[in-house]
Amino acid sequence: MYLELQKQLAAHLRAVLKAKYSIEIENIPVEIPPELKFGELATPIALQLARTLRRAPKIIAQEIVEALGALPGFAGFEVAGAGYINARLDRAAGVRAIAGVGSHPSDKNNDVARVGHPAFVPDSAKDHVLVEHTSINPNKAAHIGHLRNAILGDTFVRLLRASGSQVDVQNYIDNTGVQVADVVVGFVHLEGKSLAEVRALLDKLKQKGERIDYYCWDLYARTSQWYEQGSAEENAERKKLRYATLHALEEGDNETAEVAELISTAVLRRHLETMLRLDIEYDFLPRESEILHLKFWDVAFEQLKQTGVLYFETEGKNKGCWVMRRPGAEIAEGELDEDAKVIVRSNGTITYVGKDIAYHLWKFGLLPGRDFGYKKFFTYPDHECWISAEQGEEEHPHFGGAQAIYNVIDSRQSDPQANVIQALRGMGHTEQADRYTHFSYEMVALTPRCAVDLGYDVSPEDQARPYIEVSGRKGFGVKADDLIDKLIAATSEEVEKRQTSRDEAERQKIAGQIAIGALRYFMLKFTRNSVIAFDFRDALSFEGETGPYCQYAAVRIRNIFRKGGTTEAAVLVEMTELAPAQVAGFLEGEEAEDIWALWLRAGRRSLVLDQAITASEPAYLAKHAFQLAQEFNNFYHKHHILTEENPAKKTFLLATAAVAFRELVTVLAWLGIETPEAM
RNA sequence: GCGCCCGUAGCUCAGCUGGAUAGAGCGACUGACUACGAAUCAGUAGGCCGGAGGUUCGAAUCCUUCCGGGCGCACCA
């Protein structure tokens, strides 16, 4: 509702300014004032115009107000302060619009059930968007840093879908990189296992219900240490082993590669299971092995040479390599650029950025004659997740060829990401380069206290730091499944205390929903740029600005309707049958301001969604959900609904609760948080 | 050395394209459960928005500079 009114007012102001002063302003600022006493919308435009018009801002504001006249939905305009123009809404009309009975055409995704449901039909006029997130090396268990990535990515997918975009979710699998090679070195050389023995180990773990990703977590850390534990000569030999193994993986078709395939696939499956606990699903898992074996690079290489993005270096330290300019590099024509980025090494192998360029050309549908094979890999309740293959199944969906892409990757990778964008731009794909978003975020680190509690050795220097970076290589961090288990244990304890009349299965379900709500909200409440210093005390908190707080507000409303013997939908219809004057009456006076504020907050959803997508910042919606919950809880304490004697007022209060419920449930669903039946 | 990010209440963080009196949670202290269940609410204390200049009607927000912290700058992925 807010978004529409804001646009209407801006358009009307634009027309007035053009007619009255012959001034055309593209973006007229229309903001939400800090307090309700200044109205519901305001513009400082007169302050801005004061200079060009060489007149006092208050006078200009007065003239504009007179020229504005009447606008549907608005009760009036007034000049305030130094020259603000404040707009007051027609409250009865506002309530009717926000209640949305008969559904407002411009807010077509109002219906909770549509969003996130398979029957939801995306807006065909909108883009086909590709979001890549998670992308954990398949050689160890997922940790809290990966959780931030996956939760941010998954939430952003939900937001894009809510706005009408068609979105494919990809999880890139680097199954032929050094990290997988390292754990293979661990299995083959540290543990001396053959392919058959590795297979036997997987079966054994499966039977015992143990997690292979946990096994690899320890083995990977041990192998990383092993490279540095021996004498200088031994270490040199071990490093050779490492690169020989890496080479074997890239080549494929050998026993080492088979061990890698076995391990990485098993670990990948575990990652998908872990993420499914958080309600995170994927559509496609492109693997590096296919990018290599299906020779995506050959096509990309030709294009890069033809467009002059890559050139062969004949001098300096990069002699014999194919290199490209870094973004922003200022080098005179013909001068040696020693800082150039190597894409093809002098031995003919391709660097990571090179492979990434080829992959991104594919993402945008710019790699003619090359595509993955597709195989079914993992089945979700309502769809399949596909994985890349050299020879896929006959029938398969098509991925790639997107109009816009988002890569959820931590901020440490902004340089290589910038290189890929630079390459696209250099090849003349400027539109694609503009629609390539590195959705970057800061890492999750541990507070020193948390690290000590977990039993890690923490050096005195590290103790003094505000936070310590987690490291898979060192085996230092909090595993995702451990954290989820711990959260469920904590919520179960609370649910046991409170829900004594419910059976075990119901209590389990509720505890799970609250645990996931707490975890997802915790990862979303911080803006992307801030480092999360992880601490169990904060993450296990269910009070204050948390997921459970928001869920609790919605559950309270559920209880009101259960006890009141009516439904949200029925009450909203009843309310629209009240006379507008009567509704307006309930919104008058000091006492009613908080009720009106709650309605206004409810009307802000599409505006906040818009901002969150534009800024790629899911935290905006997390904050919005919290504010909704907070305002409802405040309302709940001030107004006792079910004992209200005036039937019309009771209907109105119930409608207020109904709208708050609808908004909370919808926004929480966008955040991937379910609303439990009871708490 | 170069590049990016951060510095706001005791702690953890919001503050949208510059706008009206800088906000929240936690922690501390006071209060509120025979109400729609207190995983809640009300209240109190707590701030030279890292420092200094500038831009303008107006700066936590933009520019410059300094200080403090983090992360990147491979023929590693």
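Please read all numbers here as calculations on a predicted model, not as lab measurements. Order of the sequence lines fixes the chain letters, A, B, ..., with proteins taken first and strands second; residue numbering starts at 1 for each chain. Below, each value reflects all heavy atoms present in this structure, side chains not excepted, and no hydrogens, waters or symmetry copies.
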| request: Write down the distance separating the P atoms in B:C2 and B:C13, rounded off to the nearest Å. | output: 29 Å
| If you look at every strand shown and take non-hydrogen atoms under 4.0 Å, does A:Asp415 touch a base, only sugar-phosphate, or nothing? | sugar-phosphate
| said: Nearest to the side chain of A:Phe526, heavy atoms from C-beta on, is which of B:A39, B:C13, B:C75? | reply: B:C13
| Does the side chain of A:Asn137 get closer than 4.0 angstrom to OP1 or OP2 of B:A77 through an N or O atom? | no
| N or O in side chain of A:Asn529 less than 4.0 angstrom from B:C5 OP1/OP2 | no
| query | Taking atom C1' of B:A42 as reference, at what distance in whole Å does atom CG of A:Asn634 sit? | reply | 9 Å
| message | Within 45 degrees of the ring normal and closer than 6.0 Å to the centroid, is that where the cationic atom of A:Arg148 sits relative to A:Tyr441? | response | no
| Taking the six-membered ring of A:Tyr636 as reference, does the NZ or CZ atom of A:Arg556 fall below 6.0 Å from its centre and within a 45° cone about the axis? | yes
| message | Between the base of B:A20 and the side chain of A:Asn86, is there a donor and acceptor pair under 3.5 angstrom? | response | yes
| Can you find a side chain N or O atom of A:Tyr549 that sits less than 4.0 Å from OP1 or OP2 on B:C26? | no
| task | Could you check which of B:A20, B:G70, B:U40 has an atom nearest any side-chain atom of A:Ala42? | result | B:A20
| Nearest-Å distance, CD (A:Gln630) to P (B:C41)? | 7 Å
| remark: Of the listed B:C36, B:C57, B:A77, the closest approach to the A:Gln413 side chain comes from B:A77
| Separation between the P atoms of B:A9 and B:G15, rounded to whole Å | 15 Å
| Using purine N1 to pyrimidine N3 plus N6-O4 or O6-N4 for Watson-Crick, or N1-O2 and O6-N3 for G-U wobble, each under 3.5 Å, what pairs with B:C2? | B:G72
| What do the steps show when you test A:Thr43 against A:Phe77 for side-chain contact (heavy atoms from CB on, under 4.5 Å), and what is the final call? | CA-CA 11 Å; A:Thr43 177; A:Phe77 306 95; over 6 Å; no
| query | How far does the P atom of B:C76 sit from the matching atom of B:A14, given to the nearest Å? | reply | 37 Å
| request: Among the candidates B:C16, B:G70, B:U21, find the nucleotide nearest to the side-chain atoms of A:Gln611. | output: B:C16
| task | Would you mind telling me which of B:G72, B:A39, B:C76 lies closest to the side-chain atoms of A:Val178? | result | B:C76
| message | Heavy atoms only, 4.0 Å cut-off, all strands: where does A:Val495 land among base, sugar-phosphate and nothing? | response | base
| said: I'd like to know if the side chain of A:Glu288 pairs up with that of A:Thr176 as donor and acceptor (distance under 3.5 Å, no hydrogens or angles considered). | reply: yes
| task | When you get a sec, tell me which of B:U40, B:C71, B:C73 is the closest nucleotide to the side chain of A:Arg556? | result | B:U40
| Per A:Pro34 side chain, nearest of listed nucleotides B:A74, B:A20, B:A24 | B:A20
| Do A:Thr223 and A:Asp182 meet the criterion of a side-chain donor-acceptor pair at a distance under 3.5 Å? | no
| said: Quick check for you: among B:A77, B:G70, B:G37, whose closest atom lies nearest to any side-chain atom of A:Tyr467? | reply: B:G70
| message | Under 3.5 Å for both donor-acceptor distances, Watson-Crick or wobble: does B:G31 have a partner, and if so which one? | response | B:C41
| said: With a cut-off of less than 4.0 Å, is there a side-chain N or O of A:Tyr552 near OP1 or OP2 of B:A39? | reply: yes
| message | When the C1' atoms of B:A45 and B:C29 are compared, how many Å lie between them, rounded to an integer? | response | 8 Å
| Is there a ring pair (Phe, Tyr, Trp, His ring centres under 6.0 Å) between A:Tyr359 and A:Tyr172 once you walk through the steps? | CA-CA 10 Å; A:Tyr359 173 41; A:Tyr172 179 76; 4.9 Å; yes
| Within the structure shown, what part of the strands sits under 4.0 Å from A:Phe561 by heavy-atom distance: base, sugar-phosphate, or nothing? | nothing
| query | Hey, is the side chain of A:Gln499 poking within less than 4.0 Å of OP1 or OP2 on B:G37, counting only N and O atoms? | reply | no
| note | Of B:C71, B:A39, B:C75, the nucleotide closest to the side chain of A:Arg345 is B:C75
| remark: Between CD of A:Glu545 and P of B:U12 the distance, given in whole Å, is 15 Å
| message | Let's test your reading of the model: under 3.5 Å, does the base of B:C4 pair with the side chain of A:Ser414 as donor and acceptor? | response | no
| Atom C1', compared across B:C41 and B:G25: separation rounded to whole Å | 15 Å
| Distance test, side-chain N/O of A:Ser530 to OP1/OP2 of B:A14, below 4.0 Å | yes
| remark: Using Watson-Crick geometry (N1-N3 plus N6-O4 or O6-N4) or G-U wobble (N1-O2, O6-N3), each under 3.5 Å, B:G7 is paired with B:C67
| task | Please state how far atom NE2 in A:His640 lies from atom C1' in B:C41, giving the value in whole angstrom units. | result | 14 Å
| request: May I ask you to verify whether the side chain of A:Glu442 and the base of B:C5 hold a donor-acceptor pair under 3.5 Å? | output: no
| request: Under 4.0 Å between any heavy atoms, over every strand shown, what does A:Arg562 touch: base, sugar-phosphate, or nothing? Just pick one. | output: nothing
| task | Can you tell me, in whole Å, how much space there is between the C1' of B:G51 and that of B:A60? | result | 14 Å
| query | Between B:C5 and A:Tyr441, is there an OP1 or OP2 to side-chain N/O distance shorter than 4.0 Å? | reply | no
| query | Is the shortest side-chain N/O distance from A:Arg54 to OP1 or OP2 of B:C57 below 4.0 Å? | reply | no
| request: Give a yes/no answer on whether the side chain of A:Asn27 brings an N or O atom under 4.0 Å of OP1 or OP2 in B:U17. | output: no
| A:Arg465, nearest nucleotide to its side chain (from B:A20, B:C71, B:C36) | B:C71
| query | In whole Å, what separates the C1' atom of B:U55 from that of B:C63? | reply | 7 Å
| message | Using ring centroids (six-membered ring only for Trp), state whether A:Tyr552 and A:Tyr549 fall under 6.0 Å. | response | no
| Option from A:Thr245, A:Val180, A:Leu246, A:Val178 for which side-chain contact (heavy atoms from CB on, under 4.5 Å) with A:Val185 holds | A:Thr245
| said: Can you check the distance between B:G69 and B:A24, where both ends of the measurement are the C1' atom (answer in whole Å)? | reply: 25 Å
